[in-house]
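This report concerns only the one structure given below.
Every chain is numbered from 1, with letters handed out A, B, ... down the list of sequences.
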There are 2 protein chains.
Amino acid sequence: MTLAEKAYEALRHDIIRGELAPGRPLRLADLGERYGMGFSPLREALNRLQAERLVTAESLRGFRVAPLSLDELHDAVSLRIVIEVEALKASISQGDDAWASGIVSALYALNVQAARTGAEADIWTLEKRHHAFHRALLAACNSPWTLEFFERLYAATERYRIPVLLASALPVGRDVQAEHGALAQATLDRDAEKASALLSQHYLRTVEDLAGAIRSKQAKLRASG
Amino acid sequence: MTLAEKAYEALRHDIIRGELAPGRPLRLADLGERYGMGFSPLREALNRLQAERLVTAESLRGFRVAPLSLDELHDAVSLRIVIEVEALKASISQGDDAWASGIVSALYALNVQAARTGAEADIWTLEKRHHAFHRALLAACNSPWTLEFFERLYAATERYRIPVLLASALPVGRDVQAEHGALAQATLDRDAEKASALLSQHYLRTVEDLAGAIRSKQAKLRASG
DNA sequence: GCAACAGAAATCTTCGAAAATAAATGAAAT
DNA sequence: ATTTCATTTATTTTCGAAGATTTCTGTTGC
């Protein structure tokens with residue numbers, strides 16, 4: 001793997017997890033220090049991330065971590081529903097046994113991790129398995145463009161979820177595990193209408209919870225600052 | 001504008017228009033010669049284009065113009081329908097007078113150009129105005145993500161249209177101008193269902209024409225080669 | 001004839017320095 | 001005190017060369 005590829009993965013990772021805060025300037029000297037490489041591979045990685053909207057760039061004024069906003073969260077989630085509902089229907093109509101067992105296996109792994117407590121309960125494994133479960137649902141849609149846009153939007157929305165997860169700021173009156181289970185069941189039953197409705201609801205509830213948690217956090221910041 | 005930005009625009013332009021043929025290796029020495037610059041800005045541009053799927057890259061083996069395939073054309077058009085139908089509905093429900101007059105103006109400019117013959121009838125102006133018309137329809141959807149994906153998919157499908165347009169290989173039994181007119185009318189009438197249906201039909205007809213033209217061209221190539 | 005290999009050539013990747021531009025500092029004038 | 005301007009500093013952008021890897025070519029051995 002080339003240094004530019006390593007830089008791309010490291011930067012993407014750190015931006016999505018919020019280790020590089022939204023809006024923060026990405027100075028080449030700092031990044032060179034942080035990742036142990038020269039400017040060339042870093043600039044290549046930053047250009048890729050700019051095209052993916054995880055980074056913003058201004059001519060002769062360098063790069064920044066792309067900012068977050070509630071408007072963008074709503075936009076991204078709305079579009080995810082449109083695209084993923086269609087992809088889920090396509091998967092349901094075309095998926096084979098391998099696709100179906102992929103869903104079962106991804107759901108099982110996700111539930112195992114969600115049930116863990118204490119030292120074993122780390123958010124990053126949970127997040128990876130959550131991503132894998134939602135990807136498994138769409139895996140048989142047979143549309144590379146759809147899958148690319150799914151990944152783009154998943155990364156965009158993950159940036160909003162992670163700070164909330166880290167703060168354990170999600171409302172408790174919701175059984176996400178049950179939602180995943182029902183969604184998987186409807187999908188495996190090849191009930192496209194029901195699965196689509198469950199998927200949409202799942203995302204709409206999530207965006208409401210996230211927006212609520214973010215708004216209350218912002219309110220606190222305003223009160224204390 | 002920096003050299004990297006110039007390189008990005010020039011490469012994107014040349015790839016979409018087919019001046020750099022699909023699959024062709026993009027050697028840095030050649031590109032440096034062609035565009036009059038060193039490796040650094042070229043590599044930055046190529047990394048952006050890789051993220052946009054106009055260029056493919058393999059570790060330590062350089063870049064190529066992304067290949068074309070009928071499968072990808074179908075994939076891209078299918079997804080355009082899903083995304084643009086939704087965006088058109090949103091525009092229809094939210095669009096103001098400026099949006100509506102943007103459509104009227106874009107359609108007029110497109111029709112004027114389509115009617116031109118001889119020296120004034122150049123394909124590039126026509127193509128630009130076609131793009132502008134379709135963008136104008138969606139302009140009021142208020143979704144930056146949707147508009148980005150529209151641009152990505154438009155560029156992807158434009159690569160299939162241009163060689164066919166250049167070969168004047170489109171079937172004549174079709175009044176595209178009338179299709180655009182009816183689509184604009186239904187949109188301005190705020191008839192979301194009718195406009196969506198017309199948009200879908202428009203794209204499905206186009207993809208069929210394109211696929212037909214490409215297949216017959218490939219058949220000829222097989223016969224002569 | 002053909003596979004395996006060594007060496008040469010071509011190409012991609014990365015670095016370090018130079019050039020170009022933007023941002024910060026401080027002095028002079030009003 | 002505030003603005004203006006020149007100077008310095010910080011930062012981005014680009015080049016040219018060096019390093020690393022792949023690809024080509026010709027040779028050897030079977």
Side-chain angles (χ1 to χ4, degrees), chain A residues 1-16 18-68 148 151 159, chain B residues 1-68 148 159:
Chain A
M1 183 182 281
T2 64
L3 284 179
E5 288 166 337
K6 282 185 195 141
Y8 168 78
E9 292 190 1
L11 278 164
R12 185 175 190 276
H13 179 272
D14 292 351
I15 290 169
I16 290 174
E19 285 162 36
L20 295 169
R24 162 171 168 172
L26 295 166
R27 295 225 178 70
L28 289 163
D30 295 348
L31 298 178
E33 180 92 6
R34 183 181 178 109
Y35 300 114
M37 56 184 74
F39 292 168
S40 308
L42 286 169
R43 288 185 60 86
E44 293 185 18
L46 289 166
N47 273 283
R48 286 178 65 179
L49 292 164
Q50 176 196 6
E52 295 181 16
R53 299 215 170 186
L54 289 172
V55 155
T56 63
E58 242 183 313
S59 252
L60 298 176
R61 297 182 51 177
F63 301 87
R64 293 173 169 275
V65 179
L68 299 181
E148 183 195 324
E151 295 298 342
R159 295 184 68 204
Chain B
M1 182 183 281
T2 65
L3 284 179
E5 288 166 338
K6 283 185 194 140
Y8 169 77
E9 293 191 358
L11 277 164
R12 184 174 191 277
H13 179 273
D14 292 351
I15 290 170
I16 290 174
R17 293 201 175 185
E19 285 161 37
L20 294 168
R24 164 172 165 170
L26 294 167
R27 297 223 179 72
L28 288 165
D30 295 349
L31 298 179
E33 180 91 6
R34 182 182 179 111
Y35 299 113
M37 57 184 73
F39 293 168
S40 307
L42 287 169
R43 289 184 60 86
E44 293 184 17
L46 289 166
N47 273 283
R48 285 177 66 179
L49 292 164
Q50 177 196 4
E52 296 181 14
R53 298 216 171 184
L54 289 172
V55 155
T56 62
E58 244 183 313
S59 252
L60 298 177
R61 297 181 50 175
F63 300 88
R64 294 172 168 274
V65 178
L68 299 181
E148 182 194 325
R159 296 183 68 205

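Within 4.0 Å of A:Ser40, counting heavy atoms only, lies at least one base atom of the nucleic acid. Residue A:Leu46 is classed as having no contact, given no heavy-atom separation below 4.0 Å to the nucleic acid.
Per the geometry, CD belonging to A:Glu58 stands 11 Å off C1' belonging to C:dA22, to the nearest Å. Between the CD atom of B:Glu33 and the P atom of D:dC15 there is a distance of 14 Å, given to the nearest Å. Atom CD in B:Glu44 sits roughly 8 Å away from atom C1' in D:dT13 (whole-Å rounding). Protein atom CE of B:Met37 is 12 Å distant from nucleotide atom C1' of D:dT13, rounded to whole Å. D:dA20 atom P lies 12 Å from atom CG of A:Leu3, rounded to whole Å. The CE-P distance, from A:Met1 to C:dT14, rounds to 11 Å in whole Å. The CD atom of B:Gln50 sits 14 Å away from the P atom of C:dC12 (whole-angstrom rounding). Atom OH of A:Tyr8 and atom P of C:dT14 are 16 Å apart (whole Å).
Among the nucleotides C:dT13, D:dT13, D:dC15, the one closest to the side chain of B:Phe39 is C:dT13. The side chain of B:Leu60 lies closest to D:dT22 when the candidates are D:dT14, D:dT22, C:dT14. For A:Arg43, taking side-chain heavy atoms from C-beta onward, the closest of the listed nucleotides C:dT11, D:dT12, C:dT13 is D:dT12. Candidate nucleotides C:dC15, D:dA17, D:dT23 were compared by shortest atom distance to the side chain of B:Arg61, and D:dT23 ranks first. In the set C:dC15, D:dT12, D:dT13, D:dT12 carries the atom at the smallest distance from any side-chain atom of A:Arg27.
Toward the 5′ end of DNA chain C lies the nearest nucleotide of B:Gly62, the other residue of the pair A:Gly38 and B:Gly62 mapping further downstream.
Side-chain contact between A:Glu44 and A:Leu3 is absent, with no heavy atoms from C-beta onward closer than 4.5 Å. Residues A:Arg12 and A:Ile15 are not in side-chain contact: their nearest non-hydrogen atoms beyond the backbone lie 4.5 Å or more apart. Annotation: side chain of B:Phe63 is in contact with side chain of B:Arg43 (closest heavy-atom distance under 4.5 Å).
A:Glu58 CD to A:Gln50 CD: the interatomic distance, rounded to the nearest 0.5 Å, is 11.0 Å.
Between the side chain of A:Arg53 and the backbone N or O of B:Glu148, no donor-acceptor pair lies under 3.5 Å.
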